[in-house]
Amino acid sequence: MQRLFFGAALALTAGASLAQTNGTMLQYFDWDSNGDGQHWNRVKNNSASWAGKGVTAFWLPPAYKGNSGATDVGYGVYDIYDLGEFNQKGSVRTRWGTKDEYIAAIDAAHAAGIQVYADIVLNHRIGADATESATAVRVDPNNRNAEFGGDIGIQSWTAFNFPGRVQANGTLKYNNFKWSWYHFDGVDWAQNLGADGCSGCRIYKFRGTGKGWDPEVSNEKGNYDYLMGADVDFQHPDVRSHLKDWGVWYTNTAKLDGFRIDATKHIMSSYFNEWLYHVRTATGKPNAFAVSEYWDADINRLNTYVNSVNGTANDKMSSFDVPLHAKFQQAGNAWGGFDMGSLLTNTLVSWQPTKAATFVDNHDTLDGRALSSKVLDWFKPMAYATILLRQGGYPTVFLGDYEGVPGKVANHGWMLDQLMKARKFHAYGAQNDYFDHSDVVGWTREGDAQHWYGVAVLMNDNQNTAGAKWMYVGGAHANQCFTDVTNAVAAQVCANASGWGYFQAPAGKVTVWVRAGKYGLNIN
């Protein structure tokens with residue numbers, strides 16, 4: 001049986017048989033997703049529909065209160081214990097809704113057979129309740145190891161007291177931990193110094209016992225511990241313990257199945273094995289999924305990181321395949337000038353297929369976003385076919401690509417429906433690769449005992465000339481005919497008596513061929 005990569009093993013009825021289905025993650029939000037506070041209700045109401053399309057897991061946005069309250073997407077982390085329950089930062093609800101609505105949405109997802117992964121932001125805190133006096137030193141933003149100007153006294157926004165969670169006895173509901181300056185490594189604003197002659201380009205590193213940038217982070221900018229806001233000190237024992245306690249509370253409270261972990265290149269890599277082991281053990285979820293956002297398109301650096309966070313018995317942390325995303329962007333920008341035969345070369349899915357979470361675009365990669373590197377719309381069907389219909393990797397479909405983002409990305413919903421359906425019912429069994437041409441490449445999947453009807457995929461990035469290729473679909477498909485579910489080619493292709501078919505793709509298109517009359521659950 002085809003191995004299920006990362007996602008839940010869902011039972012599908014096909015006649016009287018039960019079969020595993022491929023895992024597919026949906027990133028169920030974008031920066032521009034509707035901020036009317038009804039997002040959790042939409043998740044709840046649409047879970048069954050997404051399951052029918054082939055989605056087996058939701059990656060949901062950060063669910064806790066951010067500095068901007070009801071308008072915060074969730075990355076401006078203020079209170080990780082406020083899931084839309086307390087009147088803080090000007091609202092009870094978050095951008096996405098209330099705590100009760102969040103839990104109801106997760107329950108509905110589970111009822112539909114969909115796992116839920118929470119987006120967690122551990123690296124920083126923003127929106128402190130008060131300033132504190134601390135000693136710090138200025139560092140060069142482009143080389144955080146270079147100090148200058150000597151020690152100075154600053155007023156830092158680092159006192160997080162969470163007044164909205166204060167109970168009658170004076171303690172905080174759920175957890176009494178309060179953050180102070182010594183729980184952080186640095187900040188980028190000193191209230192008493194203002195812009196300090198360098199608006200937006202000053203970083204202050206705290207002085208004190210045990211203070212300093214964390215090790216085991218990216219060496220970009222000398223040491224890339226600091227990213228934004230009040231930078232969390234992962235060497236502080238109280239911080240390490242507190243985040244473990246919260247991970248257990250959050251997992252149990254929301255009944256989570258896993259985590260998407262933000263900005264991991266800025267966090268001590270060794271902490272994750274410790275944190276994940278504790279959370280998985282304490283919650284009784286040893287297989288809780290975890291995927292790291294370590295943003296680096298260099299396969300050597302990413303592979304080194306993946307090995308470092310999987311170097312113990314607790315080796316259950318994957319990473320997003322940023323090198324593959326970069327290949328998609330390059331291919332799209334080349335408008336036919338990219339060597340398609342090298343599309344998968346030096347990608348995480350080719351090096352470590354069971355640790356690669358593949359994606360095309362996300363909330364950060366569209367134009368004008370923090371990691372702007374958008375894959376052009378014309379190439380997205382090819383990119384999604386690559387991540388959805390091949391062996392290896394755990395693919396993510398981005399809501400922004402499915403619904404469209406005005407001014408940024410087209411609506412690819414119809415095409416994604418076809419590709420997800422092909423993944424759900426057809427993309428199983430032996431894979432035969434044909435990455436032997438600079439423009440026209442493809443592969444076939446022969447099917448397995450439960451999903452025996454197979455699929456053939458042909459991609460042609462040439463903008464002017466149609467392409468074709470003989471591909472082997474398997475002896476089980478000898479003399480059988482295939483239909484292109486993308487509707488790019490109307491005529492069927494019939495395999496010969498040896499199981500070979502001559503498949504076509506128009507200029508700049510991908511075609512996806514399945515056994516005629518065998519699409520979806522129509523498997524007579």
Side-chain angles (χ1 to χ4, degrees), residues 8 25-31 33-51 55 57-122 125 127 160-169 171-177 243 245-260 262 279 282-285 288-289 363 399:
M25 187 192 327
L26 174 69
Q27 183 186 349
Y28 207 157
F29 69 99
D30 177 54
W31 285 106
S33 292
N34 197 323
D36 60 359
Q38 296 301 308
H39 188 72
W40 299 143
N41 290 331
R42 283 187 284 272
V43 173
K44 177 181 70 175
N45 295 335
N46 295 328
S47 287
S49 175
W50 283 113
V55 170
F58 288 154
W59 158 17
L60 296 182
Y64 30 78
K65 192 67 60 67
N67 176 51
S68 300
T71 64
D72 202 302
V73 174
Y75 295 99
V77 187
Y78 170 67
D79 187 356
I80 55 179
Y81 279 95
D82 183 356
L83 302 178
E85 181 180 2
F86 305 100
N87 189 358
Q88 299 188 111
K89 296 300 178 182
S91 70
V92 173
R93 73 167 176 90
T94 67
R95 179 183 181 90
W96 313 112
T98 67
K99 176 186 177 183
D100 288 344
E101 291 165 344
Y102 180 52
I103 301 302
I106 294 173
D107 287 343
H110 286 160
I114 294 176
Q115 293 187 337
V116 174
Y117 308 146
D119 195 319
I120 60 173
V121 186
L122 304 180
R125 297 293 178 268
F160 290 80
N161 302 315
F162 312 119
R165 277 200 286 125
V166 175
Q167 303 178 102
N169 64 2
T171 62
L172 300 180
K173 188 174 182 180
Y174 299 130
N175 187 290
N176 203 42
F177 186 88
L243 292 177
D245 291 343
W246 171 74
V248 173
W249 173 86
Y250 189 20
T251 302
N252 288 335
T253 298
K255 292 166 281 188
L256 300 173
D257 303 294
F259 314 94
R260 180 268 186 186
D262 185 65
V279 172
T283 61
K285 296 184 175 183
F289 175 68
H363 60 297
L399 185 68

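We're numbering straight along the sequence, starting at 1.
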Query raised in the report: How are the rings of His363 and Phe29 set relative to one another: parallel (under 30°), tilted (30 to 60°) or perpendicular (over 60°)?
Result: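 Aromatic pair His363/Phe29 classed tilted.
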
Query raised in the report: Going by the angle between their ring planes, with limits at 30° and 60°, are Phe160 and Tyr78 parallel, tilted or perpendicular?
Result: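 Tilted.
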
So do [Y] and [X] actually touch side chain to side chain, heavy atoms under 4.5 Å?
X	Y	result
Phe177	Trp246	no
Leu399	Asp30	no
Val73	Arg95	yes
Ile80	Ile120	no
Tyr102	Leu60	yes
His110	Val116	yes
Asp82	Thr94	no

Query raised in the report: Is it true that Asp107 and Lys255 make a salt bridge, defined as a side-chain N closer than 4.0 Å to a carboxylate O?
Result: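 Salt bridge flag = yes for Lys255 with Asp107.
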
Query - Short N-O contact, Glu85 and Lys173, less than 4.0 angstrom - result: yes

Grab the two heavy atoms, one from [X] and one from [Y], that are nearest each other, plus how far apart they are.
X	Y	result
Ala63	Tyr250	CB-OH, 3.6 Å
Asp79	Arg165	OD2-NE, 2.8 Å
Lys99	Thr253	CE-CG2, 3.9 Å
Asn175	Asp245	ND2-CB, 4.3 Å
Ala70	Ser91	N-OG, 3.3 Å
Asn176	Leu172	OD1-N, 2.9 Å

Would you confirm whether the ring centroid of [Y] sits within less than 6.0 angstrom of the ring centroid of [X]?
X	Y	value
Tyr75	Trp31	yes
Trp249	Tyr81	yes
Tyr117	Phe289	yes

Measuring from atom [atom1] of [X] to atom [atom2] of [Y], what distance do you get when rounded to the nearest 0.5 angstrom?
X	Y	atom1	atom2	value
Asp257	Ile114	CG	CD1	11.0 Å
Tyr28	Arg42	OH	CZ	8.0 Å
Phe86	Phe162	CZ	CZ	11.0 Å
Trp96	Asn34	CH2	CG	9.0 Å

Could you check whether any side-chain N or O of [X] sits under 3.5 Å from a backbone N or O of [Y], counting only pairs where one atom can act as donor and the other as acceptor?
X	Y	value
Lys65	Asn87	no
Lys89	Gly127	yes
Tyr64	Val121	yes

Query raised in the report: Do Thr98 and Asp100 have a side chain donor and acceptor closer than 3.5 Å?
Result: no

Requested in this report: Among Asp119, Thr251, Leu122, find the one that has a side chain to side chain contact (heavy atoms under 4.5 Å, CB included) with Phe259.
Outcome: Thr251

